[in-house]
Structures are given as C-alpha cells and as structure tokens.
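Just so it is clear, the structure is predicted and the values come from calculations on it, not from any experiment. Just so you know, these numbers use all the heavy atoms, side chains as well, and skip hydrogens, waters and symmetry mates. Residue numbering restarts at 1 for every chain, and letters A, B, ... go by the order of the sequence lines.
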Amino acid sequence: MPELPEVETVRRGLAPAMEGKTILRAEIRRDGLRWPFPPRLAERLTGQRTLVMRRRAKYILSDLSSGETLLWHLGMSGRVLILDGDGPAQPGSFHYAHPHLAKHDHVELTLEGGTRLIFNDVRRFGALDLAPTPRIDDHPLLANLGPEPLGNGFDGAYLAAAFAGRNTPVKAALLDQRIVAGLGNIYVCEALHRTGISPKRKAGRLSAARAASLVPAIRNVLTEAIEAGGSSLRDYRQADGELGYFQHRFQAYGRAGKACTQDGCSGQITRIVQSGRSSFYCPTCQR
DNA sequence: CTCAGCTCCTGCGGGC
DNA sequence: TGCCCGCAGGAGCTGA
C-alpha cells in the first residue's frame, strides 16, 4: 500500500501518540509476517518508552529506551490504527468500516494512557524487526538503500551518475531502492509524466539534463502528496496507510483511457506492463 | 554485477 | 449466485 508519502503520513500520525510514552503491553497474534518476528518481541517491547519516531525510505523506525530500534515496514497492505482510550474498547471490535478486516490485526500495542496501536496487514508482506539503535543503518533491510529523495544527497548529478550505464528502463531504475529510496509504482508514474519521460526509456540513455529534471519532479510530487496525506490525518485522526486526498490528483496513475492533462497535449494515458507491474503514461508527450 | 521473472498473501471487481 | 481471472501502493530471491 504505502510509498514514501503514505509512510511519512503514518509516521506523523504515530509520533504524537508514541513519543515519550511507555509500551505497557504488546500482543503478538502470529509468528511473523513476511519474515518471522524477532525472538521475544513482546518482552523486548513491554516497558520500553519510545524516544523518537523516524523514517528511512519506506521504513518507520521507533527508537526505544532499551537501546533497540523497532523497524516497521507496511508492505503492500499494512496499516496502523490508533485507538484512543475512549474508542472501541475490546480487541477485535468494530474499528473498521469493514469489520472482517479485524482478523488481520496482527500486533497490538497498548501505551501508557490507554492508547492502542493496531498493526493490520491483510496480505502480510509487512515486517517488524528489532535491532540495536546505534547500528540500525547496517540492518540488512536498510544497508543498501539509496539516498532519501527529499534529502540533500539526492540531486541531478547524483541521479545522472546512478543512471549511467544502466540498460534497464527508467521506470525500473526509479523503483530500485538502491538508486533512490522511497518511490513506488504510483509516484514513479507521476514523476515520469511530469517530466515527459517515457517509462520505457533506458535509464542509461537519458541525457544528464533530463535525468536531472526528474529530481525536482520527484521532490515536488512527494511533497505535495505528504501535504495531502497530512490533511486527511487531521480529519480522520488515523495513521492507517490509506492514500490521502492526493489520489484525486493523480495525472497518470490509474488513468488509462483518460485524456493527458499536460498543457497542449492531446494524448491519452495508456497502461502498459513493465516487469510485471502496471505503468501509466502518455505516449504522446512522454518520450 | 545486471536484469527479468517469480514469489509470498488476501481480497475485490469484472466477465461469463 | 458462483466461479475464474486479473489486478493491487513491495521487494527479496533465483538463475541466466
């Protein structure tokens, strides 16, 4: 489900609920999701205070008073619900629009003050892990990540160099978390559309200038999406991974058959499949 | 090393 | 109504 903007939205929702609060109880309802949970997960969480909530790429990192960091990955369908003390009282109660989804509530944390956090993941591609905070950047899931797209290490010169010699389509290159960390299918489609670059173009055959033009496009689309996610958070006060209002602003993703919205372009958004995943683009203005 | 294809899992919507 | 198919926002693993 979530790409960087959705994960950041979840982090921003969780931070005020978790930071400074002690985890009073951890209920782990299955052995793991994509991978087995770390040994003694419940015991290692119980009694710990969350110092700070961070994000790296599509991972949320909770630094705990024990000196360990809890790493969350939401996979395709992961979400986190925040239930206040005065919300639905019993585990498994109707806290979803579709109550049967509650059967995928895999982990539940009860915090000091009574707030409950529920990690729900229908498809179970998500993950939780614990590792020592000082070495968290060396965690196998984090060690090979490229720069943050909203950070200083991501600029035109970097991206042009990262693309050099690559024979893979630029669509696949931007999805490669080692090149830039946090993009997914939606925002790659949107950034390519904004820059007029075909998803089929080989990364290594883009001019340096065109490669560099992707940087502000990526930064802008991510920033706009985070802002839209934040607005939906205020309304629903949930940190679940739903797309915020930004989904109504997609110009390419999911718009097959619709008119291209670029100024002066009379083309039509088309869906193709690249390495097993949908790409939406305008063959007229994206070359 | 690079790259394409497969895989994990469940639910939903469309066509018949 | 039921069945089958394709599709879904991720990303690690395998083998060429």
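- Of all nucleotides listed (C/dG10, B/dC3, C/dG12), C/dG12 comes nearest to the side chain of A/W35.
- Stacking is found between A/F125 and the pyrimidine-like six-membered ring of the B/dC8 base under the 5.5 Å centre-distance and 30° plane-angle cut-offs.
- Across C/dG9 and B/dC3, the matching C1' atoms stand 23 Å from one another, rounded to whole Å.
- OP1 or OP2 of B/dA4 lies within a sub-4.0 Å distance of a side-chain N or O belonging to A/T168.
- Within a heavy-atom distance below 4.0 Å of DNA chain C, the residues of residues 177-185 of chain A found are A/Q177, A/G184, A/N185.
- Relative orientation of the A/Y187 and A/F250 rings is perpendicular, given thresholds of 30° and 60° on the angle between their planes.
- Looking at heavy atoms from C-beta onward, A/T22 lies out of side-chain contact with A/L111 at the 4.5 angstrom threshold.
- Paired with A/L214 under the rule side-chain contact (heavy atoms from CB on, under 4.5 Å), one option of A/V188, A/V180, A/L206 passes, and it is A/L206.
- Between A/H104 and the phosphate of B/dG11, there is a side-chain N or O to OP1/OP2 separation shorter than 4.0 Å.
- Shown here for A/A15 and A/M53, the closest heavy-atom pair between the two residues is CA-CG, 3.7 Å.
- For A/K103 and B/dT10, the NZ to P distance is 8 Å, given to the nearest whole Å.
- Checked for salt-bridge contact, A/R12 and A/E8 meet the test: a charged N lies under 4.0 Å from a carboxylate O.
- The side chain of A/R271 lies closest to C/dC7 when the candidates are C/dG10, C/dC7, B/dT10.
- Residue A/S278 places at least one side-chain N or O closer than 4.0 Å to OP1 or OP2 of C/dA8.
- The side chain of A/Y59 lies closest to C/dG12, out of C/dG12, B/dC3, B/dT10.
- When the P atom is compared between C/dC3 and B/dC9, the two are found 22 Å apart, to the nearest whole Å.
- Side-chain contact, A/S62 with A/T50: no donor N or O sits under 3.5 Å from an acceptor N or O.
- A/N144 has its CG atom 14 Å from the C1' atom of C/dC13, to the nearest Å.
- Annotation: side chain of A/E19 is not in contact with side chain of A/R49 (no heavy-atom distance under 4.5 Å).
- Side-chain contact between A/S66 and A/R44: absent, with no pair of heavy atoms (C-beta onward) separated by less than 4.5 Å.
- Side-chain atoms of A/V10 and A/I60, non-hydrogen and from C-beta on, do get closer than 4.5 Å to each other.
- When the C1' atom of C/dC7 is taken as reference, atom CZ of A/F280 falls 10 Å away, rounded to whole Å.
- Nearest nucleotide to the side chain of A/R123, out of C/dG10, B/dC3, C/dA8: C/dA8.
- The nearest whole Å value for the distance from the CG atom in A/L74 to the C1' atom in C/dG9 is 11 Å.
- Taking only side-chain atoms of A/R166, from C-beta outward, the nucleotide of C/dG9, C/dA8, B/dC3 with the closest atom is B/dC3.
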For Watson-Crick and G-U wobble pairs within 3.5 Å on both distances, what is DNA chain B written in dot-bracket notation, | included for inter-strand pairing?
.|||||||.|||||||
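- Atom CG of A/N120 and atom C1' of B/dC9 are 13 Å apart (whole Å).
- Regarding A/E3, its CD atom lies at a distance of 8 Å from the P atom of C/dG9, rounded to whole Å.
- Within the structure, every side-chain polar atom (N or O) of A/H73 is placed at least 4.0 Å from both OP1 and OP2 of C/dG10.
- Counting to the nearest Å, the C1' atom of B/dT10 and the NE2 atom of A/H106 are 10 Å from each other.
- Using a 4.0 Å heavy-atom cutoff across all strands shown, A/R124 reaches sugar-phosphate atoms only and no base atom.
- Side-chain atoms of A/E6 lie closest to C/dG9 of the nucleotides C/dG12, C/dA11, C/dG9.
- In this structure, A/K171 places its NZ atom 8 Å from P of C/dG9, rounding to the nearest Å.
- Heavy-atom minimum distance, A/P149 versus A/L4: CG-CD1, 3.7 Å.
- No contact: A/D121 has no heavy atom under 4.0 Å from any strand.
- Considering only heavy atoms from C-beta on, A/L33 comes within 4.5 Å of A/H106 through its side chain.
- Phosphate contact (OP1/OP2 of C/dC7, side-chain N/O of A/R277, threshold under 4.0 Å): absent.
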